[in-house]
Amino acid sequence: TQLLEQSPQFLSIQEGENLTVYCNSSSVFSSLQWYRQEPGEGPVLLVTVVTGGEVKKLKRLTFQFGDARKDSSLHITAAQPGDTGLYLCAGFYNQGGKLIFGQGTELSVKP
Amino acid sequence: DSGVTQTPKHLITATGQRVTLRCSPRSGDLSVYWYQQSLDQGLQFLIQYYNGEERAKGNILERFSAQQFPDLHSELNLSSLELGDSALYFCASSVAGGYDGGGYTFGSGTRLTVV
């Protein structure tokens with residue numbers, strides 16, 4: 001069974017703090033995606049990483065793909081209340097395969 | 001609006017009943033995926049269709065079935081409903097497999113409550 005483990009499961013921080021969310025698997029991903037989900041809505045794609053060691057930035061969000069393509073991290077700098085939501089990593093273990101989701105990290109940023 | 005339309009948004013039904021959830025994919029997308037989201041299981045892949053044909057199956061129960069029609073909309077049928085089937089059901093679509101960077105576009109989901 002292919003599993004994606006995310007940590008931490010819950011994160012409550014103050015506005016302006018930095019945070020990192022981790023996503024790990026024992027198997028190699030062909031590509032990995034990060035989604036953000038708000039209450040009452042479906043997940044929305046933030047980024048796709050494909051190459052081992054790849055780093056992508058989206059404003060205050062930095063996404064990193066591990067060299068061995070088994071892990072990824074999401075770092076948010078100077079978090080804002082608008083960053084509150086459920087962050088999900090999801091991976092393809094092979095092209096043409098199904099997208100497997102981690103359990104998610106519930107982030108709460110308090111003003 | 002993501003472009004993926006799911007109906008109904010909410011559904012309350014009794015145990016033993018059968019319901020149908022409907023999904024219209026984003027214009028131009030040929031692949032449709034169904035996911036179940038519950039608090040303890042997270043987002044679980046159920047089934048994928050590509051241009052009318054079943055492409056991949058996940059942890060879908062035998063009581064559940066789906067199909068994709070010629071106009072590319074899809075329906076998920078849930079029968080002999082149990083309390084444990086209460087969850088959010090999401091439909092997503094993509095142009096092809098979604099792994100090439102485009103990812104999946106999700107609808108807003110159908111919240112199913114079985115009482």
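All of these numbers come straight from a predicted model, not from anything done at the bench.
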Taking salt bridge (charged side-chain N to carboxylate O under 4.0 Å, His left out) as the definition, give me every residue that meets it alongside K57(B), ordered by chain and number, with sequence neighbours left out.
none
Residues 71-89 of chain A side chain polar contacts: donor-acceptor under 3.5 Å, at least two apart:
from   : atom 1 : to      : atom 2 : distance (Å)
S72(A) : OG     : W34(A)  : NE1    : 3.0
S72(A) : OG     : Q64(A)  : O      : 2.7
H75(A) : ND1    : L19(A)  : O      : 3.1
H75(A) : ND1    : T20(A)  : OG1    : 2.8
D83(A) : OD1    : R60(A)  : NH2    : 2.9
D83(A) : OD2    : R60(A)  : NH1    : 2.9
D83(A) : OD2    : R60(A)  : NH2    : 3.1
D83(A) : OD2    : Q80(A)  : N      : 2.8
T84(A) : OG1    : P81(A)  : O      : 3.0
T84(A) : OG1    : V109(A) : N      : 3.0
Y87(A) : OH     : R36(A)  : NE     : 3.2
Y87(A) : OH     : D83(A)  : O      : 2.6

For chain A, find its close neighbours in residues 106-114 of chain B: heavy-atom separation under 4.5 Å, sorted by number, or none.
F106(B), G107(B), S108(B)
Has the side chain of R55(B) got a donor or acceptor atom that lies under 3.5 Å from a matching backbone atom of Y50(B)?
no
Spell out, as yes or no, whether a donor-acceptor pair under 3.5 Å connects the side chain of Q6(B) to the backbone of Y89(B).
yes
Residue among P43(A), G102(A), G42(A) with most heavy-atom pairs under 4.5 Å to chain B:
P43(A)
Mind checking side chain to side chain donor-acceptor pair (under 3.5 Å) for S38(B) and listing every partner two or more places apart, or none if nothing turns up?
D40(B)
Would you compute the distance between atom CZ of F101(A) and atom CG of L3(A) and round it to the nearest 0.5 angstrom?
15.0 Å
